[in-house]
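One structure is given here, and the rest of the page talks about it.
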Number of protein chains: 2
Amino acid sequence: MKWATLDKEPCSVARTVAVIGDRWTLLILRDCFLRVRRFEAFQTRLGITRHLLADRLRKLVAFGVLERVAYQDSPKRYEYVLTERGLALHPVLMSIVHWGDVHMSDARGRPMLHEHKSCGHVFDPVMTCSVCGGRISARDVLTHDGPGLIRRAPRARRTPSSS
Amino acid sequence: MKWATLDKEPCSVARTVAVIGDRWTLLILRDCFLRVRRFEAFQTRLGITRHLLADRLRKLVAFGVLERVAYQDSPKRYEYVLTERGLALHPVLMSIVHWGDVHMSDARGRPMLHEHKSCGHVFDPVMTCSVCGGRISARDVLTHDGPGLIRRAPRARRTPSSS
DNA sequence: ATTGACAGTTCTAAAAAAGAACTTTAGCGT
DNA sequence: ACGCTAAAGTTCTTTTTTAGAACTGTCAAT
């Protein structure tokens, strides 16, 4: 598997990993959801090298997750804002946060709380089924081939009956 | 921010990224959920170097996501199975898959379909609120400091009134 | 006696990331 | 006019990771 063509693999995990499967990228996206928008702000908050930050932002823009928007002329200055495509990553970030809350918190408890504006309560994200609305758990899901799957030819195998 | 201490940051994203925020690790976990268990199987399916695979599996075991279980003696052979903690990563993988399905699929459609055993239908994962059951979207969430947050002292700032 | 499976380890070369300094355009204070 | 600061990068060198391939040890089967 090559990184350069990972986004062309017949697997949605691989394709998404091509976009966000990188330590810095996930932390940059976290900050985007916290409304951080500017190069300097990302750099200061994360302690990422400027070189890498520029590279990651370029890639996120190329994948349509962020948009580079001028916020002033002379000198031209740009900031990075989540596109619809980027906002659609919210469930990914929320499920990552929730796993960390439950499995990596120390005695103090969780670092952040999330309030559901429309109901006004602090909540946990729950994965549910789009059809029946029931809770989804790992043991309750079956995987099938979909139309976009291209099966690679299985490797030739020497069997007792083959030459 | 240093990788070695990322799992101690006062942020659940950072802590989770310390465990899974790596291209190979996410692909390894995908395979784990597809019931791949053995070193050779991971290596063949992913094309990862054996060195890195050994390293990533060791780390996942250290973080309690996988368990290394002997499946035969003489010679001792081990396989890697998801723990409860690992199974709890299911929503993370499902939301990653779903984003890829929606935003990275080509004309053929999605590579895999998921069936909800208990209702029998192919479904999409939907993030909902644990309190009201309503759908969660990025624009509908407010973030607050939690008990586990440690704010870093803000950097000294030269202001007109300061010396 | 040889071959092959499996779960790794051990090398070297190539690629990526860290760390620090430098660039460019412009506003502000004196 | 002069120096200072800010923002958004780029450029450079050093260090760390990763890729790629070969090798090891234990056993079973041919």
Side-chain angles (χ1 to χ4, degrees), chain A residues 1-6 17-18 21-28 31-32 36-62 66-81 155-163, chain B residues 1-6 17-18 21-28 31-32 36-62 66-81 155-163:
Chain A
M1 195 159 311
K2 279 148 189 159
W3 293 135
T5 57
L6 195 58
V17 165
D22 170 280
R23 290 145 122 98
W24 284 125
T25 301
L26 282 165
L27 295 175
I28 290 168
D31 278 7
C32 291
V36 175
R37 293 161 131 78
R38 302 201 180 163
F39 191 93
E40 290 294 319
F42 288 113
Q43 203 278 318
T44 307
R45 284 174 56 89
L46 296 173
I48 184 176
T49 65
R50 308 177 74 79
H51 184 92
L52 270 205
L53 176 57
D55 178 75
R56 294 300 186 268
L57 289 173
R58 240 191 317 269
K59 282 178 182 161
L60 286 170
V61 169
L66 297 181
E67 198 186 344
R68 189 164 174 267
V69 183
Y71 68 89
Q72 68 169 43
D73 299 318
S74 72
K76 272 276 189 192
R77 286 291 145 76
Y78 299 92
E79 57 186 13
Y80 297 87
V81 295
R155 228 164 275 283
R157 264 265 220 167
R158 191 170 304 273
T159 63
S161 59
S162 75
S163 71
Chain B
M1 195 159 310
K2 279 147 188 157
W3 294 136
T5 57
L6 195 58
V17 165
D22 170 278
R23 288 142 122 98
W24 285 125
T25 301
L26 282 165
L27 296 175
I28 290 167
D31 278 7
C32 289
V36 176
R37 293 161 131 78
R38 303 202 179 161
F39 190 94
E40 290 293 318
F42 287 113
Q43 203 278 318
T44 307
R45 284 174 56 90
L46 297 174
I48 184 176
T49 65
R50 309 177 73 77
H51 184 91
L52 271 204
L53 176 57
D55 179 75
R56 295 300 187 267
L57 290 173
R58 239 190 317 269
K59 283 179 181 161
L60 286 170
V61 169
L66 297 181
E67 198 185 344
R68 189 164 175 266
V69 182
Y71 68 91
Q72 68 168 44
D73 299 318
S74 72
K76 273 276 189 193
R77 286 292 144 76
Y78 298 91
E79 57 186 13
Y80 297 86
V81 295
R155 225 165 279 284
R157 265 266 221 167
R158 189 169 306 272
T159 63
S161 60
S162 77
S163 70

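All chains are named by letter (A, B, ...) in the order of the sequence lines, taking the proteins before the strands, and each is independently numbered beginning at 1.
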Please report the distance, rounded to the nearest Å, between CG in B:Asp22 and P in D:dT16. 18 Å

Length of the line joining A:Leu46:CG and C:dA18:P, which is rounded to integer Å: 11 Å

Rounded to whole Å, the CG-C1' distance (B:Leu52 to C:dT9) equals 13 Å

Would you mind reading off the distance between A:Asp55 atom CG and C:dG19 atom P, rounded to a whole angstrom? 17 Å

Quick check on C:dA16: is either OP1 or OP2 less than 4.0 Å from any side-chain nitrogen or oxygen of A:Trp24? no

Length of the line joining B:Ile28:CD1 and C:dG8:P, which is rounded to integer Å: 12 Å

Under the side chain to side chain donor-acceptor pair (under 3.5 Å) test, residues paired with B:Glu67 that sit two or more places apart: none

Decide whether a cation-pi geometry holds between B:Arg38 and B:Tyr71; the criteria are a distance under 6.0 Å from NZ or CZ to the six-membered ring centre and an angle within 45° of the ring axis. yes

Taking 4.0 Å as the cut-off, does a side-chain nitrogen or oxygen of B:Trp3 come that near to OP1 or OP2 on C:dA16? no

Taking atom C1' of C:dT25 as reference, at what distance in whole Å does atom CG of A:Asp73 sit? 12 Å

Rounded interatomic separation in angstrom, taking CG from B:Leu53 and P from D:dA19: 12 Å

B:Arg45 meets the side chain to side chain donor-acceptor pair (under 3.5 Å) criterion, sequence neighbours left out, with B:Asp31

Once side chain to side chain donor-acceptor pair (under 3.5 Å) is applied, do any residues pair with B:Tyr80, and if so which ones, sequence neighbours excluded? B:Arg68

Protein-nucleic acid N or O pairs under 3.5 Å, nucleotides 7-10 of chain D:
| from | atom 1 | to | atom 2 | distance (Å) |
| --- | --- | --- | --- | --- |
| D:dA7 | O4' | A:Arg77 | NH1 | 2.9 |
| D:dA7 | O3' | A:Tyr71 | OH | 2.9 |
| D:dA7 | N3 | A:Arg77 | NH2 | 2.7 |
| D:dA8 | OP1 | A:Tyr71 | OH | 2.7 |
| D:dA8 | OP1 | A:Tyr78 | O | 3.1 |
| D:dA8 | OP2 | A:Phe39 | N | 3.4 |
| D:dA8 | OP2 | A:Glu40 | N | 3.3 |
| D:dA8 | N7 | A:Glu40 | OE2 | 2.9 |
| D:dA8 | N7 | A:Arg50 | NH2 | 3.0 |
| D:dG9 | OP1 | A:Arg68 | NH2 | 2.8 |
| D:dG9 | OP2 | A:Tyr80 | OH | 2.6 |
| D:dG9 | N7 | A:Arg50 | NE | 2.9 |
| D:dG9 | N7 | A:Arg50 | NH2 | 3.0 |
| D:dG9 | O6 | A:Arg50 | NE | 3.0 |
| D:dT10 | OP2 | A:Arg58 | NH1 | 3.3 |

Return the CH2 to CG distance between A:Trp24 and A:Leu60, rounded to the nearest 0.5 Å. 14.0 Å

How many whole angstroms separate atom CD of B:Gln43 from atom C1' of C:dT9? 14 Å

A:Arg77: what forms a side chain to side chain donor-acceptor pair (under 3.5 Å) with it, not counting sequence neighbours? none

Applying side chain to side chain contact (heavy atoms under 4.5 Å, CB included), name anything that partners A:Glu40, two or more places apart in sequence or on another chain. A:Arg50

Please determine, for the side chain of B:Thr49, which listed nucleotide (C:dA17, D:dC27, D:dG20) has the closest atom? D:dG20

